[in-house]
Engineer: 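Could you have a look at this structure, given as structure tokens, before my questions?
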Amino acid sequence: MLLSDFGRIGFDPFVEMRRMQQEVNQRLAGLTASAAQEFPPINLWTGEDSVAVAAELPGISPDEIGLTVRENILTLKGTREPRTEDEKSVWHRRERAYGTFSRTVQLPFRVDPERVEARFANGLLEVELHRPEADRPKKIQIKG
Amino acid sequence: MAQELKTTERQVPSTLDGSERTRSRPVFVPRADIYETQDNVVLLVDMPGVASDGVDITLEKRTLAIRGYAANQQHQNYRQVYAEYDAGDYERVFTLSEDIDRDGIEASQKDGVLRLVLPKAAPAKARKIPLKMA
């Protein structure tokens with residue numbers, strides 16, 4: 001702990017500096033929560049003949065999500081609208097991201113566009129895609 | 001209005017109520033929006049994967065604690081090959097200022113977003129004083 005004589009004359013630059021340091025730290029700490037990141041974050045699982053894609057889409061209603069699939073490319077599109085009741089509202093904190101988003105994911109294999117199941121619950125989107133019948137590895141019988 | 005106590009990205013184990021957690025899952029600090037209208041302070045908290053019965057809100061004195069427990073994602077016969085997010089629970093603590101009507105707080109959960117409406121207490125509301133005609 002530093003002791004200074006400035007306390008006696010009523011002004012301590014060290015106290016002032018510490019206060020400023022604290023203020024800057026507080027502001028910087030807030031940045032980590034709102035740092036740019038790909039939206040939405042996705043997870044990918046693969047099974048034997050299917051692949052499951054999950055995405056975190058909180059606050060978006062299922063009919064606002066656009067899902068398209070072509071060969072092995074899955075595209076996820078949508079918009080998240082800011083919600084405020086009236087123009088007079090004042091923001092205190094804004095960490096949640098708004099705006100349009102689009103993500104394109106390359107799947108490990110071609111999928112059958114007719115056999116895609118998408119579920120949405122509690123802000124989590126889950127899409128299950130299957131490999132087309134024709135692309136599946138065929139078991140070949142060995143003649144004895 | 002509302003002020004958070006912690007801003008760390010992850011906090012394990014939780015000391016939210018002075019006790020250790022008994023669930024071995026990651027805990028996240030959810031992102032939150034706070035805005036103030038004429039009569040209310042509205043809090044929006046992103047908690048994807050948390051159903052409405054998995055939300056736990058406690059108000060003790062002036063400390064508002066929000067907890068969300070996400071359901072486990074079941075993927076049988078599947079192997080995870082790529083991950084950008086981790087399933088886990090959410091915890092965040094806010095300190096309310098005095099001018100909130102604590103009995104009128106309303107909470108709702110939709111599409112993974114928790115919405116808390118905190119009505120301002122009567123003295124804090126601005127009152128318009130009409131002039132009397134002489």
Side-chain angles (χ1 to χ4, degrees), chain A residues 25-35 37-62 64-65 80 82-98 103 105-108 120-126 128, chain B residues 1-4 6-10 28-55 68-71 73-88 90 92 94 97 109-115 117 126:
Chain A
N25 282 348
Q26 270 170 6
R27 261 156 221 230
L28 290 179
L31 283 180
T32 52
S34 56
Q37 193 201 5
E38 291 270 15
F39 187 88
I42 58 162
N43 278 359
L44 209 79
W45 287 269
T46 51
E48 209 165 305
D49 285 308
S50 57
V51 54
V53 181
E56 281 191 328
L57 290 161
I60 296 156
S61 64
E64 280 171 349
I65 303 166
R80 190 148 105 150
R83 272 204 312 196
T84 43
E85 271 85 305
D86 57 278
E87 290 94 65
K88 277 188 181 170
S89 59
V90 183
W91 287 94
H92 287 286
R93 197 171 282 262
R94 221 170 169 179
E95 297 166 359
R96 301 164 69 237
Y98 292 107
R103 285 206 74 175
V105 187
Q106 191 177 12
L107 303 170
F120 186 82
N122 303 318
L124 274 185
L125 174 76
E126 268 195 66
E128 209 175 334
Chain B
M1 298 304 102
Q3 186 200 343
E4 62 176 332
K6 290 170 193 158
T7 42
T8 43
E9 203 65 37
R10 249 182 205 212
F28 302 106
V29 176
R31 287 170 190 230
D33 276 3
I34 303 165
Y35 63 88
E36 188 182 338
T37 61
Q38 212 152 20
D39 304 318
N40 301 310
V41 174
V42 182
L43 206 97
L44 298 169
V45 188
D46 271 355
M47 295 198 288
V50 178
S52 46
D53 56 352
V55 185
Y69 301 108
Q73 274 182 299
Q74 293 295 328
H75 287 276
Q76 273 178 0
N77 305 324
Y78 276 92
R79 191 167 52 90
Q80 186 151 24
V81 286
Y82 180 68
E84 284 178 357
Y85 72 89
D86 204 359
Y90 301 91
R92 195 155 176 181
F94 296 94
S97 62
Q109 171 97 350
K110 197 191 170 237
D111 293 336
V113 179
L114 172 74
R115 183 191 167 83
V117 181

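So that the names make sense, note that chain A is the first sequence line, chain B the second, and so on, each numbered from 1. Heavy atoms only: backbone and side chains are in, while hydrogens, waters and symmetry mates are out.
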Engineer: Are B:Y82 and A:I42 packed together at the side-chain level, in the sense that at least one heavy-atom pair is separated by less than 4.5 angstrom?
Structural biologist: yes
Engineer: Can you measure from CG (B:N77) to CH2 (A:W45) and round to the nearest 0.5 angstrom?
Structural biologist: 14.5 Å
Engineer: Using side chain to side chain contact (heavy atoms under 4.5 Å, CB included), reason through B:D33 and A:W91 one step at a time and then give a plain yes or no.
Structural biologist: CA-CA 8 Å; B:D33 276 3; A:W91 287 94; 3.6 Å; yes
Engineer: Under a 4.5 Å heavy-atom cutoff, which of A:S50, A:G123, A:P58 has the most pairs with chain B?
Structural biologist: A:P58
Engineer: At a heavy-atom separation under 4.5 Å, does B:V50 approach chain A through its side chain, its backbone, both, or neither?
Structural biologist: backbone
Engineer: Could you tell me whether a side-chain N or O of A:N122 sits under 3.5 Å from a main-chain N or O of B:D111, the two making a donor and an acceptor?
Structural biologist: no
Engineer: Do B:L43 and A:R93 have side chains that get closer than 4.5 Å, going by heavy atoms?
Structural biologist: no
Engineer: Donor-acceptor check, side chain of A:N43 to backbone of B:Y85, threshold 3.5 angstrom: yes or no?
Structural biologist: yes
Engineer: To the nearest 0.5 Å, how far apart are CG in A:L44 and CZ in B:R79?
Structural biologist: 10.5 Å
Engineer: Under 4.0 Å between a side-chain nitrogen and a carboxylate oxygen: does that hold for A:R80 and B:D46?
Structural biologist: yes
Engineer: Among A:H92, A:E95, A:R94, which one satisfies side-chain contact (heavy atoms from CB on, under 4.5 Å) with B:I34?
Structural biologist: A:H92
Engineer: Could you pull out the closest heavy-atom pair between A:G47 and B:Y78, with the gap in Å?
Structural biologist: N-CD2, 3.4 Å
Engineer: Are A:R103 and B:E84 within salt-bridge range, i.e. N to O under 4.0 Å?
Structural biologist: yes
Engineer: With a 4.5 angstrom heavy-atom cut-off, which part of A:P40 approaches chain B: side chain, backbone, both or neither?
Structural biologist: backbone
Engineer: Going from OG on A:S61 to NZ on B:K110, what distance comes out if it is rounded to the nearest 0.5 angstrom?
Structural biologist: 6.0 Å
Engineer: Under the rule for salt bridge (charged side-chain N to carboxylate O under 4.0 Å, His left out), what residues qualify as partners of A:E128, not counting sequence neighbours?
Structural biologist: A:R119
Engineer: Please state whether the side chain, the backbone, both or neither of A:A54 comes within less than 4.5 Å of a heavy atom of chain B.
Structural biologist: both
